[in-house]
Structure formats: C-alpha cells, structure tokens
Peer 1: 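Dropping a structure here in structure tokens format, bear with me for questions.
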Amino acid sequence: MLFTTLATLTPESPLLAEYPSSVRDAIAYLKQTDVASLPLGKTAVDGERIFLNIQEYLTKPAEEAVLEAHRKYIDLQIVLEGKEWMGYARYEKELPTLGEYDETADVQFFPKSVMPFWAPNAESPQKFLATPGTIAIFTPQDVHASQVWVEKPQNVRKMVVKCRVF
C-alpha cells in the first residue's frame with residue numbers, strides 16, 4: 001500500500017520501482033491527461049490492462065464500509081473532489097471472508113472485524129484522509145475500504161484506475 005500525492009509521482013519514481021509496468025504506465029497517462037474532463041464511468045486506457053472508472057457518490061458511515069481485495073488488479077484511488085477516509089489491512093489467508101472470491105468481478109469481500117480501527121474516534125496508521133490530489137495504491141496484498149465520511153456525508157468525485165498485475 002502506498003499513500004502519497006499524485007504530484008510527487010512520476011513513472012520513474014523510486015516509490016514505484018517494485019510495482020508492475022501497468023502502474024507506471026497509468027501514472028504516465030494521468031500526468032498527461034486532463035482527468036477533470038473525463039466522463040463518469042469506465043474509460044479504457046490500455047484495453048483490459050489499464051482502465052479507469054470515474055465515480056460520484058455520497059460518503060457513508062464506517063459501519064457501511066465495504067472491505068474488499070482483488071487478485072488480478074491493483075487499484076489506484078484518486079479523490080478528485082471532496083474528502084473521505086480510506087483504510088487497509090494486510091491480506092492473510094487466515095482472514096475471515098464474506099463468501100467466495102468472484103473471479104469475474106475480481107473481488108473478495110471481508111467482514112468489518114478485519115479493520116477494527118473503523119470504530120468511532122479510533123486512530124490507526126492504516127486509516128488515512130484522502131483529499132483532492134492524494135493517491136492510494138492498493139495491491140492484492142491489501143484489503144481496503146473507502147467512501148467513509150469525515151464528520152458527515154459529503155459528495156465525492158473519485159477516479160479508480162485498475163492496473164493489471166500480470
């Protein structure tokens with residue numbers, strides 16, 4: 001998991017050295033694209049290797065957070081407008097799950113117990129405030145959650161870039 005600002009990243013950033021080329025190519029695309037002008041929904045960048053989804057939604061309480069992980073894709077989550085809490089926990093085989101892994105959707109869901117720091121006023125280095133310009137990179141080793149309100153519900157516009165792992 002990496003949490004930083006998009007402005008500090010380049011495709012050659014040492015922070016990205018261990019990531020697959022799809023992540024570096026996605027960063028190159030983001031640096032040369034007016035992301036504010038992208039439409040809601042899915043946009044292909046490099047077929048199914050790299051694509052993005054622009055979303056708009058109302059943030060929700062932590063009790064409603066969806067905890068998920070992926071196997072085929074890395075998520076680059078970038079808040080464009082608004083703010084929200086995001087969090088993660090390291091994936092371990094022993095973690096309890098909610099149902100089976102959905103290969104078609106590339107998602108595995110997890111119960112709230114995996115991230116106990118969502119409790120009111122709980123502090124954790126695994127929970128961070130995402131604001132415009134920040135980027136969170138979640139790998140298949142990261143169970144992650146987002147869309148959690150900061151004090152009260154607010155509208156958020158976010159881009160999620162999906163980068164194929166292999």
Side-chain angles (χ1 to χ4, degrees), residues 1-13 15-16 19-89 91 101-110 115 118 126-166:
M1 204 300 296
L2 175 64
F3 183 69
T4 188
T5 62
L6 184 57
T8 62
L9 291 179
T10 67
E12 300 80 26
S13 291
L15 291 173
L16 299 179
Y19 289 91
S21 63
S22 59
V23 172
R24 295 187 297 280
D25 293 346
I27 295 298
Y29 171 84
L30 295 174
K31 292 291 191 169
Q32 62 191 13
T33 302
D34 177 14
V35 295
S37 69
L38 293 172
L40 287 175
K42 185 176 178 178
T43 298
V45 175
D46 184 6
E48 291 299 306
R49 182 175 169 263
I50 305 169
F51 60 92
L52 62 87
N53 189 15
I54 303 288
Q55 309 167 352
E56 290 181 350
Y57 51 83
L58 189 65
T59 55
K60 54 192 165 208
E63 301 81 45
E64 296 177 23
V66 176
L67 284 61
E68 62 183 32
H70 313 288
R71 295 182 186 172
K72 299 176 187 173
Y73 287 93
I74 293 173
D75 275 8
L76 282 59
Q77 297 196 14
I78 304 158
V79 171
L80 303 172
E81 297 172 14
K83 61 184 177 179
E84 66 182 28
W85 286 110
M86 293 184 184
Y88 76 101
Y91 173 80
Y101 168 71
D102 182 335
E103 188 168 350
T104 303
D106 184 39
V107 68
Q108 173 71 64
F109 295 108
F110 297 84
M115 292 185 193
W118 286 122
Q126 293 171 274
K127 181 171 94 172
F128 44 90
L129 183 62
T131 57
T134 58
I135 180 170
I137 302 178
F138 297 110
T139 69
Q141 293 79 33
D142 302 313
V143 176
H144 55 278
S146 62
Q147 301 185 11
V148 175
W149 69 26
V150 178
E151 298 172 1
K152 62 181 182 179
Q154 72 171 265
N155 291 313
V156 167
R157 182 178 175 94
K158 182 166 71 176
M159 174 173 37
V160 178
V161 183
K162 303 295 258 183
C163 300
R164 187 76 180 194
V165 175
F166 46 85

Peer 1: So which atom in Thr10 and which in Ile27 form the shortest heavy-atom distance, rounded to 0.1 Å?
Peer 2: C-CG2, 3.9 Å

Peer 1: State the OG1-NZ distance between Thr104 and Lys72, to the nearest 0.5 angstrom.
Peer 2: 6.5 Å

Peer 1: Which heavy atom of Arg71 sits nearest a heavy atom of Val165, and at what distance?
Peer 2: O-CG2, 4.0 Å

Peer 1: Please find the pair of heavy atoms, one from Asp75 and one from His70, that lie closest to each other, and give the distance.
Peer 2: OD2-NE2, 3.4 Å

Peer 1: Any chance you could measure Glu81, atom CD, to Glu56, atom CD, to the nearest 0.5 Å?
Peer 2: 7.0 Å

Peer 1: Looking at Leu15, is its backbone amide N or carbonyl O close enough to the side chain of Ser13 to form a donor-acceptor pair, meaning the two atoms are under 3.5 Å apart?
Peer 2: no

Peer 1: In the structure I gave you, are the side-chain heavy atoms of Pro61 and Val148 within less than 4.5 Å of one another anywhere?
Peer 2: no

Peer 1: Would you say that Thr131 contacts Val79 through its side chain, given a criterion of any heavy-atom pair below 4.5 Å between the two side chains?
Peer 2: no

Peer 1: Just by distance, with hydrogens left out, do Lys158 and Gln77 show a side-chain donor and acceptor under 3.5 Å apart?
Peer 2: yes

Peer 1: Looking at every heavy atom in both Gly87 and Phe138, which two are closest together, and how far apart are they?
Peer 2: O-CE2, 4.0 Å

Peer 1: Tell me the closest heavy-atom pair linking Pro132 and Gly82, and the distance in Å.
Peer 2: CD-O, 3.1 Å

Peer 1: Mark yes or no for whether His144, through its side chain, and Glu68, through its backbone, hold a donor-acceptor pair below 3.5 Å.
Peer 2: yes

Peer 1: As an exercise, state the distance from CZ of Phe128 to CH2 of Trp85, rounded to the nearest 0.5 Å.
Peer 2: 10.0 Å

Peer 1: Any heavy-atom pair between the side chains of Ser21 and Arg49 that's under 4.5 Å?
Peer 2: yes

Peer 1: Would you mind checking if Lys162 and Asp106 are paired as a salt bridge, meaning a charged N to carboxylate O distance below 4.0 Å?
Peer 2: no

Peer 1: Given side chain to side chain contact (heavy atoms under 4.5 Å, CB included), test Ile50 with Tyr29 step by step and report yes or no.
Peer 2: CA-CA 10 Å; Ile50 305 169; Tyr29 171 84; over 6 Å; no

Peer 1: Name every donor-acceptor pair, under 3.5 Å, that has one atom in a side chain of residues 36-45 and the other anywhere in the protein, sequence neighbours excluded.
Peer 2:
unit_1, atom_1, unit_2, atom_2, d
Ser37, OG, Asp34, O, 2.7
Lys42, NZ, Glu48, OE2, 3.2

Peer 1: Ignoring hydrogens and angles, state whether a donor on the side chain of Asp25 or Ser22 is under 3.5 Å from an acceptor on the partner side chain.
Peer 2: no

Peer 1: Between Phe110 and Tyr91, how do the two ring planes meet: parallel, tilted or perpendicular, split at 30° and 60°?
Peer 2: perpendicular

Peer 1: Find the distance between CE (Met159) and CG (Leu6) and round it off to the nearest 0.5 Å.
Peer 2: 7.0 Å

Peer 1: Would you say Tyr88 and Met86 make side-chain contact, with heavy atoms under 4.5 Å?
Peer 2: no

Peer 1: So how far is it from Leu2 CG to Leu16 CG, rounded to the nearest 0.5 Å?
Peer 2: 7.0 Å

Peer 1: Report yes if the side chains of Leu30 and Leu9 come closer than 4.5 Å at any heavy-atom pair, otherwise no.
Peer 2: no

Peer 1: Could you check if a side-chain atom of Val35 sits within less than 4.5 angstrom of a side-chain atom of Leu52, using non-hydrogen atoms only?
Peer 2: no

Peer 1: Report the distance from atom CZ of Arg24 to atom SG of Cys163, rounding to the nearest 0.5 Å.
Peer 2: 10.5 Å

Peer 1: Enumerate the residue pairs fulfilling ring-ring contact (aromatic ring centres under 6.0 Å, His included) with a member in residues 34-63, sequence neighbours excluded, ordered by first and then second residue.
Peer 2: Phe51-Tyr73

Peer 1: Please report the shortest heavy-atom distance between Ala89 and Met115, naming the atom on each side.
Peer 2: N-CE, 3.9 Å

